Amino acid sequence: MKGRISGRFCIGRQQLPGVAVGLLLLSLIGPGKAAAATVITVSEARRRAVEFNRMYLAAIEEVTMAQADIVKARAGALPHVSAGGSYMRSFLIPSFFVEMDNEVVELKTGFKNNFAASVSLQQSLWQGGKVFTALAIARLYRTYTDQRAEATRREVIHNAELLFYSAVLQKSRREVLYKGLEAARHNLDVIEKLYSRGLVSEFEVLRARVEKANLQPTLLSAESEVTLSEKRLKSFLGIDLGEPITMLDETDDTSLVDVPPLATLTDTALSQRPEMRQANLLLEIIQKAIKVAKAGHYPSLSAVSVYNWQSVSNKFTLSDNTSESWTAGLTLSIPIFTGGYTGGEVAQRRVEYRQAELAATQLKEDIKLEVEQAYDQLLQGKKALDVQRETIAQAEEGLRIANLRYETGVGTLLEVLSAQAALTASRSARAEALFFFRQAASRLKRATTIDLDAG
C-alpha cells in the first residue's frame, strides 16, 4: 500500500516518525542494552519467517525430492549398462574314470581357477509411451511442489505478520493502561489537594484511590500478555526465547487508495494463487497417469546385448584358456491376459481425475469467498478506524472539560472518572480496530497474492 502513515511522537511541537522514536528510545536505553536486543519490524519478521520456519524449509526439501524424481524418470529412457565379474577357486576338482586298454584312467573335469566377466546393455525401445509420459509427470510434479512451497511461504509470511501485529496490539493495550494509570494518579493528586483544602469529601479521595488500585491487576495481566505474545513471535521466527527483542512498528498505513476493485482481486487470486495452480497441475498429472495406465494394454520392446569373457587355469593367471562370447537381440513382450488389472488401473485413475476436478471447482469457490470476506473485512476495518479517530478526539476533549469542571468546583468526580473510562475504552478500541484492519489486509494479500504493502 502506498501513503504510509507512521506513528507520531511529539517533542514540543515537532513530530517524529515511529521508526525515529524507536531509535531515540534505543539511544536512551544505553549502548550496552541496545546492542543486546534484536530489532524486529514486520519486514524483518517476514524475512526471518521464510528463512527459519521449519514448515517452509520442509517444503523446500520436497522440491529437491521432486527434482530427484525427474532424474529417476529420465533414467527409463536411457540405456541400462551393467558389468559383473567372478572368481571361483576349486579346492577339490571332481573327476571321472574311463577304462582304456584294460586300464582305468582318471580325468579331471575342471581347473583350480575360474575367472569370468560380463557386460550387459538393455535399451527400452517401446513401452507403450510409459517412459516419456512418466518423465512428463515428474516434471509436472516438480512444478507442483514449487507451487506448494510458494503456498507454504505465503502462509508462513501471513502467520508471521499476524503474530507481529498481535504483539503490537498487546503493547498498545499496555500503553493505554499506562496512560489510564497516569490519569488516575493525576486525578488522585488533584483530589488529595482539594481534600486538604476541605473542598471535597473523604469519599471522593477513597474513590480515586480505588480507581487507581483497580488498574494495577489489569496492568500486570497486560504485561504478561506482552511477554507471551513476544515469545510466540520469537518461537515462530526461530529466535531464542531468552533473547531480548525490540519491536518497531514501522507503519500505520490505513489507506485504501491503491487497493484494486473486488473483481480485479478475485481474477488475480484465481489465476495466481499457488493452490489454484496446484489443482490445475494435478489434473494434468492425472491425465498423464491415465495414459500410463492404458499403456498396460500395449506390447513392450527392448534391445539387449551381452558380452561374456571367461578364463580357466590351474595357475593363477588370466591369460590361459580364455573364451569370449557376444550376443545381441530384441525382447518383445505382449500382454494377453492380466486378469483385468490394466482395466482396473485405468478406471481408478479416471475416478481420481473426476475427484480432482470436483476439488478444483470447490477450491475456486473457496478462493472467491476468501477474497470477498477479506475485502469486506478490510473495508469494515477502515470504517472502524475512521470512527475511532474521531471518537478519541471527542473523548480527549470530554476529559479535558470534565477535569476543568471538577477543578473549578462545577463538575463531579463521577464525570471525570466516566470521561477517563470513555477515553481508555476509545484508545483500546482504536488499537483493536488497527489490529483487525491489518489482519484483514494480511488476509487479502494472502488470498490474492497481491502485495498490498508495495508502493
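This one's a predicted model, so the numbers in the text were calculated from it and none came from an experiment. Residue numbers count from 1 along this sequence.
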Query raised in the report: Does Lys112 NZ have over 12 foreign heavy atoms under 6.0 Å away?
Result: no
Query - Ala293 to Thr342 - nearest heavy-atom pair and separation - result: O-CG2, 3.2 Å
**Report entry** Presence of salt bridge, Glu357 and Arg354, under 4.0 angstrom
**Finding:** no
**Report entry** Exercise: identify the closest heavy-atom pair between Ala269 and Ala447
**Finding:** CB-O, 3.2 Å
Report summary line: Here the gap from Thr41 atom OG1 to Arg48 atom CZ, rounded to the nearest 0.5 Å, amounts to 10.0 Å
Report summary line: For residues 176-185, the side-chain hydrogen bond (donor to acceptor under 3.5 Å, both in side chains) pairs (sequence neighbours left out) are Tyr178-Glu223
Requested in this report: Would you indicate whether Leu332, at its atom CG, is surrounded by more than 12 heavy atoms from other residues, nucleotides or ligands within a distance under 6.0 Å?
Outcome: yes
Run the side-chain donor-acceptor check on residues 232-240: report pairs under 3.5 Å with partners two or more places apart or on a different chain.
| residue | atom | partner | partner atom | Å |
| --- | --- | --- | --- | --- |
| Lys234 | NZ | Leu241 | O | 2.8 |
| Lys234 | NZ | Glu243 | O | 2.9 |
| Asp240 | OD2 | Gly242 | N | 2.8 |

Query raised in the report: Which residue pairs satisfy the salt bridge (Lys or Arg N to Asp or Glu O under 4.0 Å) criterion with at least one member in residues 129-143, sequence neighbours excluded?
Result: Arg142-Asp146
Query - CD-CD distance between Gln380 and Gln377, expressed to the nearest 0.5 angstrom - result: 9.0 Å
Query raised in the report: So which pairs with a foot in residues 267-296 pass salt bridge (Lys or Arg N to Asp or Glu O under 4.0 Å), sequence neighbours left out?
Result: Arg273-Glu275, Arg273-Glu370
Report task. Please round to the nearest 0.5 Å and tell me the distance separating atom CZ of Arg430 and atom CZ of Phe435. Result -> 14.0 Å
**Report entry** side-chain contact (heavy atoms from CB on, under 4.5 Å) partner of His158, chosen from Arg46, Arg153, Arg446
**Finding:** Arg446
Query raised in the report: Could Lys383 and Asp386 be called an ion pair, given the rule that one side-chain N must be under 4.0 Å from one carboxylate O?
Result: no
Report task. Could you note down all residue pairs passing ring-ring contact (aromatic ring centres under 6.0 Å, His included) where residues 332-358 supplies at least one of them, sequence neighbours left out? Result -> none
**Report entry** Closest approach of Leu318 to Trp309 (non-hydrogen atoms, all atoms of both residues)
**Finding:** O-CZ2, 3.6 Å
Report summary line: Paired with Ser224, the side-chain contact (heavy atoms from CB on, under 4.5 Å) test is passed by just one of Val226, Thr227, Leu228, namely Leu228
Query raised in the report: CZ of Arg54: more than 12 outside heavy atoms within 6.0 angstrom?
Result: no
Query raised in the report: Would you call Arg173 and Glu225 a salt bridge, using N to O less than 4.0 angstrom?
Result: no
Query raised in the report: Should the heavy atoms of other residues, nucleotides or ligands under 6.0 Å from CE of Met88 be counted, would the total exceed 12?
Result: no
Report summary line: Value for CD1 (Ile285) from OG1 (Thr143), rounded to nearest 0.5 Å, stands at 8.5 Å
Query raised in the report: Hey, what do you get for OH (Tyr298) to CD1 (Ile334), rounding to the nearest 0.5 Å?
Result: 14.5 Å
Query - Minimum heavy-atom distance Leu169-Ala431, with the two atoms named - result: CD1-O, 3.4 Å
Query raised in the report: So, for Ala289 and Ile137, which heavy atoms are closest and what is the spacing to 0.1 Å?
Result: N-CD1, 3.8 Å
Report task. Would you mind checking if Glu161 and Arg438 are paired as a salt bridge, meaning a charged N to carboxylate O distance below 4.0 Å? Result -> no
Query - Residues Thr38, Thr246; criterion side-chain contact (heavy atoms from CB on, under 4.5 Å); working and verdict - result: CA-CA 6 Å; Thr38 300; Thr246 300; over 6 Å; no
Query raised in the report: How many angstroms lie between atom CD of Glu230 and atom CG of Leu163, to the nearest 0.5 angstrom?
Result: 12.0 Å
Report task. Inspect the contact between Glu175 and Lys171 and indicate whether a charged nitrogen and a carboxylate oxygen are less than 4.0 angstrom apart. Result -> no
Requested in this report: Determine the minimum heavy-atom distance between Pro335 and Pro299, stating which atoms define it.
Outcome: CD-CA, 3.8 Å
Report task. Go through the steps for Leu262 and Asp376 under the test side-chain contact (heavy atoms from CB on, under 4.5 Å), then give the verdict. Result -> CA-CA 9 Å; Leu262 179 59; Asp376 183 66; over 6 Å; no
Query raised in the report: Hey, are Glu51 and Arg47 close enough for a salt bridge, meaning a charged N less than 4.0 Å from a carboxylate O?
Result: yes
Report task. Check step by step if side-chain contact (heavy atoms from CB on, under 4.5 Å) holds for Leu423 and Arg427. Result -> CA-CA 6 Å; Leu423 178 57; Arg427 287 170 173 169; 3.6 Å; yes
Query raised in the report: Is the count of non-hydrogen atoms from other residues, nucleotides or ligands lying under 6.0 Å from Glu365 atom CD greater than 12?
Result: yes
Query - ring-ring contact (aromatic ring centres under 6.0 Å, His included) contacts in which one or both residues fall within residues 112-138, not counting sequence neighbours - result: Tyr87-Phe115, Phe115-Phe316
